[in-house]
Amino acid sequence: MQSAGLEHGAKGGQMIELSLSRIDGEWQIGPLQAWWLRRAKILSEWRGARETNGDMADRAKRRTLAREHLYKLAAHNEAYPRCSDTA
């Protein structure tokens with residue numbers, strides 16, 4: 001498996017670096033890179049939800065929102081690619 005770096009534009013003028021892998025003769029985002037990108041998206045959604053609802057007076061609503069994102073992150077962590085998954 002070969003790798004090549006590629007910079008890709010992100011929101012807010014930020015730059016992120018993508019590492020492409022040569023899989024089956026094609027350059028693509030590999031399973032680990034895709035996992036990290038999905039994780040970053042989940043955390044970004046959580047930060048956005050907190051900012052949008054940062055002044056929520058209802059503690060129960062804040063706890064529910066936090067719980068939903070934590071469950072989503074936990075499920076994502078369980079899907080971490082392992083060597084046996086790629087064979």
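Predicted model, so just to flag it, every value in this text is computed and none were measured. Values below: all heavy atoms of this structure, side chains included; hydrogens, waters and symmetry mates excluded.
Ile23 and Pro31 make their closest contact through CD1-CD, 4.2 Å (heavy atoms, listed as atom of the first residue, atom of the second, distance). Closest heavy-atom contact between Arg39 and Asn77: NE-OD1, 4.4 Å. Taking every heavy atom of both residues into account, Ala34 and Ile29 meet most closely at N-CG2, 3.6 Å.
Between Leu65 and Trp46 the shortest side-chain heavy-atom distance falls below 4.5 Å. Side chains of Leu32 and Tyr80 form a contact here, defined as non-hydrogen atoms less than 4.5 Å apart. Residues Leu37 and Gln33 are in side-chain contact: their nearest non-hydrogen atoms beyond the backbone lie under 4.5 Å apart.
In this structure, His76 and Trp35 have parallel ring planes: the angle between them is below the 30° cut-off, well short of the 60° mark.
For the atom pair CG of Leu73 and CD of Glu78, the computed distance is 11.0 Å after rounding to the nearest 0.5 Å. Taking CD of Glu26 as the reference point, atom CG of Leu20 lies at 12.0 Å (rounded to 0.5 Å). Atoms CH2 and OG, from Trp36 and Ser19 in turn, are 13.0 Å apart once rounded to the nearest 0.5 Å.
Judged by distance alone, the side chain of Gln28 and the main-chain N or O of Ser21 form no donor-acceptor pair under 3.5 Å.
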